[in-house]
Amino acid sequence: MDYVLPNELVDGMIVAGGKKSTVSIKNLLLRGFYSGSILGLAVVLALTVAAQTKLPFLGSVLFPFGFASIVLFGMELVTGNFALLPMAVWAGKSTWSATFRNWIWVWIGNFLGTLAVAVIMMLSLKSGGAAPADAAWAGDWNAVAATIIKLNKANVIGKYEALGSTGFFLAFLRGVVANWLVCLGVTMALVSKSVPGKILACWLPITAFQTLGMEHIVVNQFLHTAGPLLGSGVPFSKVIVWNFIPVTAGNIVGGMVFIGMLFYSTHRTKISNVLPKEHDEKLERELAAELGAR
């Protein structure tokens, strides 16, 4: 059957969280780098489509291609790990120290990926400082650069720093909602064993988070690194205090509480009740492929 039952899903998530907690630092950085870089490219795609069509929603609909590739290739996205690894800890399959180790290194890997794309796109959008040969494309590029600068200013200074402690709380709250939806996308993708099923299932929650304009730390790592590089004038110290810190905290709560804790509390069963006692290499391989726990 293509459909994975809820109790099987939760047991599989626990297994995945346990395996992810043992992944080497090298692989956490490499897989994290891929995830950060592909989400950075997805953001640029969404903004370019919005600029060309004047339909921001269409950009949100196309944005999840990056997330879908992360799911299919078994890469590391820190926001998804905010839900998976605590479940493994609660089930006795991992420890909090291993969990924090994973979160820190994947966060760094995601940031390095977004930084690389931010530098590349800064050079591309500015045509390397030279006058672009095609004026039409230059208009699109200028619009995308202007949007990134606008979002950088608004989502650090306007929406949050200007409101003080209330703004800090709002950044946290929007981070909760964002990762609630993103981890819902992760979980829905795991319910299907087929490629089309995984893509369709994860696509909808990611489109929802993007359309609602919530705060996702890896997307923000790109936007608020590219913004200053493009000349927004926003100090990176303010990016860290008024966006990265509260949004990361909100993403942790959104994933760990509203997906991890909720699913664990209602669908948790003993692994022995679901998985066969005899060694089943095919099943283990399928679990690893589905959950990216290699």
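Nothing fancy with the numbering, it's 1 onward along the sequence.
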Contacts of F168 meeting ring-ring contact (aromatic ring centres under 6.0 Å, His included) (sequence neighbours excluded), chain-then-number -> none

- CH2 of W203: more than 12 outside heavy atoms within 6.0 angstrom? yes

V10 and H267 have their tightest heavy-atom pair at CG2-CB, 3.6 Å

Q) With a 4.5 Å heavy-atom cut-off, do L39 and L77 have their side chains touching? A) yes

In one Ile/Leu/Val/Met/Phe/Trp/Tyr side-chain cluster, 4.5 Å: I240, V234: yes

By ring-ring contact (aromatic ring centres under 6.0 Å, His included), F82 pairs with (sequence neighbours left out) W103

By side-chain hydrogen bond (donor to acceptor under 3.5 Å, both in side chains), T187 pairs with (sequence neighbours left out) none

Aromatic ring pairing F111/F244, orientation class (parallel under 30°, perpendicular over 60°, tilted between): perpendicular

Across all chains, not counting sequence neighbours, the ring-ring contact (aromatic ring centres under 6.0 Å, His included) partners of F57 are none

| said: With clusters defined by side-chain heavy atoms of hydrophobic residues (ILVMFWY) lying less than 4.5 Å apart, directly or transitively, does V186 cluster with L200? | reply: no

With sequence neighbours left out, the residues meeting side chain to side chain contact (heavy atoms under 4.5 Å, CB included) with L112 are F33, I108

Sorted by chain and number, sequence neighbours left out, ring-ring contact (aromatic ring centres under 6.0 Å, His included) with F209 holds for H216

